[in-house]
Structures are given as structure tokens and as C-alpha cells.
*Asks:* 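Take a look at this one; I'll ask things after.
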Amino acid sequence: MTSADTITDSERWPATVAEAEAVQDRLRGQVDLSGPGPARVVTVAGVDVAYDTDSDMVAGAVVVLDVHTLSAVAEATAIGRAQFPYVPGLLAFRELPPLLDAWKQLPTTITPDLVVCDGYGVAHPRRFGLACHLGILTGLPTIGVAKTAFIGDYDPPGPQRGSWSPLVDGGEAIGRALRTRTGVKEVFVSVGHRIDLDSACRHVLALTPRYRLPETTRVADHASRRALRGVLG
DNA sequence: GCGACAG
DNA sequence: ATCTTGTCGC
């Protein structure tokens, strides 16, 4: 019996900002940034959550793609009601419940080699963004790919696909602004768990042969919206 | 004290 | 996140 076995539901899913921040401070020590990262990546998962602000309904989606064909090999969704407000820095407490519910619906035979999250990993005020949190809870390698800036300073990367510049906060490089498509706005990549930044960016480029955002994120986004439409009207 | 602030 | 028409470009 370890302390992890005695974590209660309210300790895992706090109701206040102060408690949620305490949970992040307690869990961040478990993040593995030492690498080497997944030895072989065959399947990559994408996760996303869609919201209906009126009904307060949320839909979480997990999709698993073959990294070479970028076609879906598995998909799962879950419907629920938002249990935590959106607070910058505490996104995980809003999105993880529906995501984990969807995760449980995946065939037990499917375990992705890597998970791409919509948001940040260690590029976070307490170095424990959504990607880190999901990584700790699943034990899998995770990375965060965000569409907009949140924390850190950076210079615009060059115009060519593959160009990047460091995201810097407090003197340390916490991620990268990465150009995934030539002439298109950059994305922000940061490590979540069990992978290094170089590998993370390499995978993001492999997932963006045509669009700015990783195919995993796009497919998960579509799946979550479809699931939400299904329960609404 | 005043802005900024992943989704 | 989400609300939305047309419009520019491949």
C-alpha cells in the first residue's frame, strides 16, 4: 500500500483553485523528463474536449492514429458536464475528467506509444500543464501542442516549416515555438512526460504534413464535436 | 496596483 | 472553448 492508493477522489479532483494548485505542486515531481522517450512509435493518440456553454455539457475524445498512414485505428468519446471552471493554469482539472472517461472506452488492446495534448506540458506556471498531468495519470509519453502563447518569451521562428525558436521563462528553455507549415502561424510545443523536446518536435512535424495542427488534434477535435452534437440537437 | 492569461 | 460570411488561394 502506497500513498498513491489512498488518494481520495476529492484530492484527485479538487474544487478550489488553491487545492488544485496544491495537487499540481504535489504531482509535478513525478514528471519524467530524462528520456530516452518511446523506442518505437507506431501509434499516436490525440485528445480534445468540446464544450456547449449553454448546457454546460462537455465531450471528451481520444483518437489513436497509425503514425505512418495517419489513419484512425481507434476512437472513443464520453459525454459529461463541466466540473471545474476554466482557470488559466488549471486547464487539466476541467479537461481531464471527460478525457479519462473517454479513455476508459478505448479497447484495452489499444495502448498508444505517444499522446499529443491540446495545450501545454512543462511550459506552465508550475511546470505541470495538461500534458504532464495526463502523462502521470496514464504513465504514457505525452507532449503538449498549443495554438496560442501562454507562458514564456520567444522570437518568431523563421518562415519555413521546421523552423523553431526557444520558449524561455526564468532563463530556462521550457518549450519551442515551432513552424509546422511554411508561412503559417507557429504552434507551441512542450514536453509532457517521458520524452525529450527534440523528439517531441520531430513527432509534431511528422503529424503535420498538410495542416498547421497535428492530425491527432484535428481528428480528436472533430470527434469531440461530433459527440457533443449527438447529445444536443 | 494593472494587465495577461493553454482551452 | 464558442459565436459566424465571405473571401483569398491552392
Side-chain angles (χ1 to χ4, degrees), chain A residues 13 17 20-21 23-24 28 31 46-63 77-102 115-136 142-154 159 161 167-170 174-178 180-193 197 200 204 208-214 216-233:
Chain A
W13 304 117
V17 166
E21 291 177 342
V23 169
Q24 294 182 327
R28 68 178 181 185
V31 173
V47 298
D48 195 26
V49 179
Y51 301 87
D52 180 62
T53 50
D54 294 320
S55 67
D56 211 32
M57 297 296 284
V58 299
V62 179
V63 300
T77 59
I79 298 297
R81 204 169 290 278
Q83 298 299 313
F84 200 90
Y86 169 66
V87 179
L90 300 179
L91 178 65
F93 296 94
R94 182 170 175 76
E95 302 215 329
L96 282 178
L99 289 182
L100 294 174
D101 283 343
V115 185
V116 177
C117 300
D118 206 358
Y120 287 88
V122 297
H124 176 276
R126 284 169 296 284
R127 301 294 185 266
F128 195 72
L130 173 64
C132 299
H133 207 145
L134 183 59
I136 292 305
T142 60
I143 65 180
V145 179
K147 296 180 287 294
T148 61
F150 177 41
I151 183 178
D153 303 312
Y154 66 97
R161 160 176 159 87
L167 241 193
V168 180
D169 181 60
I174 55 177
R176 287 178 188 169
L178 175 67
T180 55
R181 301 301 302 165
T182 298
V184 175
K185 177 179 165 57
E186 67 274 15
V187 298
F188 302 89
V189 180
S190 56
V191 163
H193 185 51
L197 190 52
V204 170
T208 51
R210 182 159 185 189
Y211 297 101
R212 176 195 177 217
L213 298 180
T216 38
T217 298
R218 291 169 44 77
V219 176
D221 177 76
H222 293 164
S224 63
R225 295 197 193 206
R226 191 184 315 132
L228 194 55
R229 274 170 20 206
V231 294
L232 296 178

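Just so it is clear, the model here is predicted, and its values are computed rather than measured. Chain A is the first sequence line, chain B the second, and so forth, proteins listed ahead of strands; every chain is numbered from 1.
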*Asks:* When the distance from OH of A:Y154 to C1' of B:dA4 is rounded to whole Å, what number comes out?
*Replies:* 13 Å

*Asks:* Once salt bridge (Lys or Arg N to Asp or Glu O under 4.0 Å) is applied, do any residues pair with A:R218, and if so which ones, sequence neighbours excluded?
*Replies:* A:E215

*Asks:* Going by the rule side-chain contact (heavy atoms from CB on, under 4.5 Å), which residues pair with A:T148 if we only count those two or more places apart in sequence or in a different chain?
*Replies:* none

*Asks:* Reading DNA chain C 5' to 3', how would its secondary structure be written in dot-bracket notation, given Watson-Crick and G-U pairs with both distances under 3.5 Å, brackets [ ] for crossing pairs and | for partners on other strands?
*Replies:* ..........

*Asks:* Give a yes or no answer on whether the side chain of A:R81 reaches the backbone of A:M57 with a donor-acceptor pair at less than 3.5 Å.
*Replies:* no

*Asks:* Applying salt bridge (Lys or Arg N to Asp or Glu O under 4.0 Å), can you list everything that pairs with A:K185, at least two apart in sequence or on another chain?
*Replies:* none

*Asks:* Apply side-chain contact (heavy atoms from CB on, under 4.5 Å) to A:A78 and list each qualifying residue two or more places apart in sequence or on a separate chain.
*Replies:* A:D101, A:A102

*Asks:* Restricting both atoms to N or O, compile the protein contacts to nucleotides 5-7 of chain B shorter than 3.5 Å, with distance only.
*Replies:*
residue : atom : partner : partner atom : Å
B:dA6   : OP2  : A:Y86   : OH           : 2.5
B:dA6   : N7   : A:G89   : N            : 3.1
B:dA6   : N6   : A:G89   : O            : 3.1
B:dA6   : N6   : A:L90   : N            : 3.4
B:dA6   : N6   : A:L91   : N            : 3.2
B:dA6   : N6   : A:H124  : NE2          : 3.4
B:dA6   : N1   : A:L130  : N            : 3.2
B:dA6   : N3   : A:Y120  : N            : 3.1
B:dG7   : OP1  : A:K147  : N            : 2.8
B:dG7   : OP2  : A:T148  : OG1          : 2.8

*Asks:* Determine, for nucleotides 3-10 of chain C in 5'-to-3' order, which nucleotides have protein heavy atoms under 4.0 Å from the base (write B), from only the sugar-phosphate (write S), or from neither (write -).
*Replies:* --------

*Asks:* Give the rounded distance in Å between these two atoms: CG of A:D56 and C1' of C:dA1.
*Replies:* 12 Å

*Asks:* Aromatic ring centroids of A:Y86 and A:Y51 under 6.0 Å?
*Replies:* no

*Asks:* Mind checking what makes salt bridge (Lys or Arg N to Asp or Glu O under 4.0 Å) contact with A:R225, not counting sequence neighbours?
*Replies:* A:D221

*Asks:* Which residues pass the side-chain contact (heavy atoms from CB on, under 4.5 Å) test with A:V231, sequence neighbours left out?
*Replies:* A:I79, A:L228

*Asks:* Check side-chain contact (heavy atoms from CB on, under 4.5 Å) between A:T142 and all other residues, then give those that pass, not counting sequence neighbours.
*Replies:* A:V115, A:A131, A:H193

*Asks:* Where the side chain of A:S190 meets the backbone of A:G121, is there a donor-acceptor pair that is under 3.5 Å apart?
*Replies:* yes

*Asks:* Working to the nearest 0.5 Å, report the span between CD1 of A:I174 and OH of A:Y120.
*Replies:* 8.0 Å

*Asks:* In what stems does DNA chain B take part, counting only runs of at least 3 consecutive Watson-Crick or G-U pairs whose two distances fall under 3.5 Å?
*Replies:* none

*Asks:* Within the supplied structure, the quantity of interest is the number of heavy atoms (other residues, nucleotides, ligands) at a distance under 6.0 Å from A:D56 CG; does it exceed 12?
*Replies:* yes

*Asks:* Which residues pass the salt bridge (Lys or Arg N to Asp or Glu O under 4.0 Å) test with A:R212, sequence neighbours left out?
*Replies:* none

*Asks:* Just the rounded figure in Å: distance from P of C:dA1 to CG of A:D52.
*Replies:* 14 Å

